[in-house]
Amino acid sequence: MVNITLPDNSIKSFDDVPSGMDVALSISEGFARNCVAMEIDGNLLDLNGKIESDTCLRLITTKDEEALEILRHSAAHVMAEAVQNLYENAALTIGPVVEDGFYYDIDMDPVSEEDFPAIEAEINKIVKAKKPFERQVVSKSEALELFKDNKFKVELIDALEDQEISLYKQGGFVDLCRGPHIPHTGMIKGIKLMKTSGAYWRADQEREQLQRLYGTAFFDKKELKKHLHLIEEAQKRDHRKVGTRLGLFSFHQEAPGMPFFHAKGMEMWNVLLEYWRYEHKAAGYVETKTPVMLNRKLWEQSGHWENYRENMYTSVVDDEEYAIKPMNCPGGMLLYKTGSYSYRDLPLRAGEIGLVHRHEFSGALSGLFRVRAFHQDDAHIFMTPEQIEGEILGVLHLVERIYSRFGLGFHLELSTRPEKSIGSDAQWEEATNGLKSALDKYGKEYFINEGDGAFYGPKIDIHIKDALGRTWQCGTVQLDMALPERFDLTYKGADNEKHRPIMIHRVIYGSIERFFGILVEHFAGKFPLWLAPVQVVILPINDALNDHAKSVYDRLTDQGLRCEIDSRGESLKKKIREAQINYIPLILTIGEKEKASDTLSVRTLDGKVRMGLSMDEFMAPVLKSVKARILEGEII
RNA sequence: GCCGACGUAACUCAGUUGGUAGAGUAGCUGAUUCGUAAUCAGCAAGCCAGCGGUUCGACUCCGCUCGUCGGCUCCA
């Protein structure tokens, strides 16, 4: 008996269906149009596959989550065929599905976006032809024979353990593939080439550089449009554009990858740090500061010289070699060593807003997101082994408090021991288990990245989710049992013996520069009142009102509000327009009425205007909004 | 660092097949003094990223360097 689960959840039962039944035949024509593939015993198969035994079968329709991946995989084949039709010498390698679409790595002469229209036209021809995808199973030797002219495919086939290898054919085009695929190319309704780049075969810099063509595909043209719109929206929010327009920061050729923060950017920067200090003080942290440049010997002791030298800036001073710090921890080690500690002093939570420099590849730089000089909101926690779980939990709760203040959601990932690492197996196990038990206690679901840890310990990475649904890794909590060893850190236990403390490295904003950039895009430049670089702009209607405007300005700045007066001889309309497009949350117009009654007329960014408010009626809700760091909703 | 694209006034951009540059915004000057998203006029502003080459002549073509962007890789 075969159960076929239909999308509307009704179940159709077929009695006495023989093994080898052609599934496609047993599904009505109209229904099959929405069917993409099927799932048997957890395996995704082509819709026109044969049923091997009595089993429960689920049909995958275009509405199912798996369907899009299947479609995009098929789309990659279509793109590959198009490229092969147009470029005779193109040798195909691999073409997987990725988050927003798919790519295909092809050994060919470089292509650029100028070549896209021709390739897309060829793709559309193939789509229109509604070519069926046909699965074919051949032996390994047959496959090797078939692909003998393509060294990449030969390498792939050689690496396969199976003796039977599946191929997929659409029309005359054959590709090595596990499948499954959609029934025919005509199901691809919206397909578009997105970008192109170079990529190394097997991600190995020593090997061939291939052309990577990115595309995306949907079952529906509207879905494609929606996707393109989202990309456009993200481009509009690009922090490099918004930050330039709002005068927050800039970059200069003289210091690639090293941002300059302007007065308005610094206002925001300071608000971010002020908030950070407030939360950390409440969480029992102290703040410290260590030098930017330290002797090479220290980096040798910490292990950075060995593991990270190629990314460090160095300098020779008085015949001694120094390195600009790429991390704050070795300095933190020296700080710890200046004292002597009892178990009663632990945990010791020492924060540091540390300026670090890392020589990233020039091609890796990207606005505030990837820079060479940045500030970490670092902290080192020194503790006893019994305190691990509690301290990790404390950090996770602090992370949650801070991110939620910005309206950012997050998820957690645990990274384990990498290939290049220091410390013993036992240390790694204890550290990793410590993180796991804290995560379990915290209760939020988390992923595991095997081998993605820091060289000195396992870590929990915190990925935030912004207003457009994009994720960014910002915070990280790293357990370190190696550095305390290397620096011979100790504390006196209750037993009057020396013990080795365990250490946490953690950041929450991560790189303050990067977090700043994320906030710009998250809010699209429209910052909440508590963060806005300019909170209030005062617009006198004519020159005779400038003095009164100044007195209003003085009273507001006295209360700590960030204000500007715009007394240019421009029209009121124009000044309002400019305040609006600069996203200044509160616009005060000062006219004769306001002067005579000493009241305020307030315009908020939504365009609403309230007139005749007394100073108190204005100040109370505004100061409350700032103090409570309220995110959205009406200020007044 | 690698592949591709790009680099024109403070900003956003135009500049057709090589004949040394234009617009809007911002700025400055003058007039306007305005009640909730652009008042008008004028002025100034560029070694066309830098350096070499081809050419009678280069912003336009070629090479290299620097920088930016999209990826690769990297992000301890």
Side-chain angles (χ1 to χ4, degrees), chain A residues 98 103 105 109-115 194-214 235 238 240-241 244-245 247 250-257 302-304 306-312 326-327 329 356 358-367 369-372 374 415 418-422 452-457 459 461 473 476 478 480 482 505 510-511 514 539-546 567-582 587-594 601-605 607-611:
Chain A
V98 288
Y103 67 79
D105 281 347
D109 291 334
V111 286
S112 72
E113 291 186 19
E114 282 176 33
D115 304 309
M194 301 302 291
K195 53 201 169 197
T196 164
S197 81
Y200 302 104
W201 171 236
R202 294 300 196 189
D204 184 349
Q205 281 199 46
E206 304 300 314
R207 307 212 47 186
E208 293 85 348
Q209 175 127 25
L210 310 168
Q211 294 299 309
R212 177 167 295 181
L213 280 169
Y214 284 88
Q235 275 169 356
D238 189 318
R240 291 166 296 211
K241 283 186 193 167
T244 303
R245 189 169 72 73
S250 58
F251 285 91
H252 302 274
Q253 286 201 6
E254 290 78 358
S302 68
H304 288 94
E306 190 189 335
N307 285 284
Y308 201 64
R309 182 177 19 177
E310 64 275 21
N311 283 324
M312 287 162 71
M327 300 191 98
C329 16
V356 298
R358 302 178 180 186
H359 188 262
E360 305 290 355
F361 276 154
S362 57
L365 303 179
S366 175
F369 287 164
R370 199 71 194 280
V371 289
R372 283 177 171 162
F374 60 101
S415 297
E419 274 178 39
K420 224 163 92 169
S421 63
I422 55 180
D452 215 22
F455 73 79
Y456 47 72
K459 60 177 183 174
D461 286 330
Q473 196 236 302
T476 173
Q478 310 181 344
D480 187 344
H505 311 254
S511 146
R514 190 172 126 98
L539 310 179
I541 285 177
N542 62 49
D543 290 348
L545 294 158
N546 284 349
S567 52
R568 293 173 305 162
E570 301 288 352
S571 70
L572 181 66
K573 274 175 186 288
K574 178 157 182 174
K575 292 198 277 194
I576 285 175
R577 178 184 147 80
E578 283 183 13
Q580 288 265 161
I581 62 181
N582 284 313
I587 301 166
L588 301 183
T589 48
I590 303 289
E592 293 299 341
K593 281 183 205 157
E594 284 73 27
S601 158
V602 186
R603 179 181 167 119
T604 41
L605 277 185
K608 282 187 191 150
V609 179
R610 254 159 267 247
M611 301 183 76

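All chains are named by letter (A, B, ...) in the order of the sequence lines, taking the proteins before the strands, and each is independently numbered beginning at 1. Note: hydrogens, waters and symmetry copies are ignored here, and every other heavy atom, side chains too, is used. Here the structure is a predicted model, which means the values were calculated and not measured.
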Which is true for [X] with a 4.0 Å heavy-atom rule: it touches a base, it touches only sugar-phosphate, or it touches nothing?
| X | answer |
| --- | --- |
| A/Asp543 | base |
| A/Pro418 | nothing |
| A/Gly257 | sugar-phosphate |
| A/His304 | base |
| A/Lys608 | nothing |

Could you work out the separation of [N] and [M] based on their [atom1] atoms and round it to a whole Å?
| N | M | atom1 | result |
| --- | --- | --- | --- |
| B/rA44 | B/rA10 | C1' | 13 Å |
| B/rA41 | B/rU32 | P | 16 Å |
| B/rC43 | B/rG52 | C1' | 38 Å |

Taking only residues two or more places apart in sequence or in another chain, which ones pass salt bridge (charged side-chain N to carboxylate O under 4.0 Å, His left out) with [X]?
| X | value |
| --- | --- |
| A/Arg370 | A/Glu360 |
| A/Arg207 | A/Glu155 |
| A/Glu594 | none |

Got a sec, which residues hit side-chain hydrogen bond (donor to acceptor under 3.5 Å, both in side chains) with [X], two or more places apart in sequence or on another chain?
| X | result |
| --- | --- |
| A/Thr476 | A/Asp461, A/Gln478 |
| A/Arg603 | A/Gln580 |
| A/Ser362 | none |
| A/Glu592 | none |

| request: Could I get the full list of side-chain contact (heavy atoms from CB on, under 4.5 Å) partners for A/Asn311, not counting sequence neighbours? | output: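 In terms of side-chain contact (heavy atoms from CB on, under 4.5 Å), with neighbours along the sequence ignored, A/Asn311 is linked to A/Tyr308.
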
| note | Letter by letter from the 5' end, nucleotides 69-74 of chain B scores (B base, S sugar-phosphate only, - none; protein heavy atoms under 4.0 Å) SBBBBB

| query | For every nucleotide of nucleotides 34-40 of chain B, 5' to 3': is a protein heavy atom under 4.0 Å from its base (B), only from its sugar-phosphate (S), or from neither (-)? | reply | BBBBBB-

For nucleotides 41-44 of chain B, give me every protein contact, N/O to N/O, under 3.5 Å, one pair per line with atom names.
none

| said: Only Watson-Crick and G-U wobble pairs with both distances less than 3.5 Å should count. Give RNA chain B in dot-bracket notation, marking inter-strand partners with |. | reply: (((((((..((((.....[..)))).(((((.......))))).....(((((..]....))))))))))))....

| message | Here's a test of your reading of the structure: between A/His359 and A/Gln473, which maps to the more 5' nucleotide of RNA chain B? | response | A/His359

| request: To the nearest Å, give me how far apart CD (A/Glu254) and P (B/rG50) are. | output: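 Rounded to whole Å, this separation is 13 Å.
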
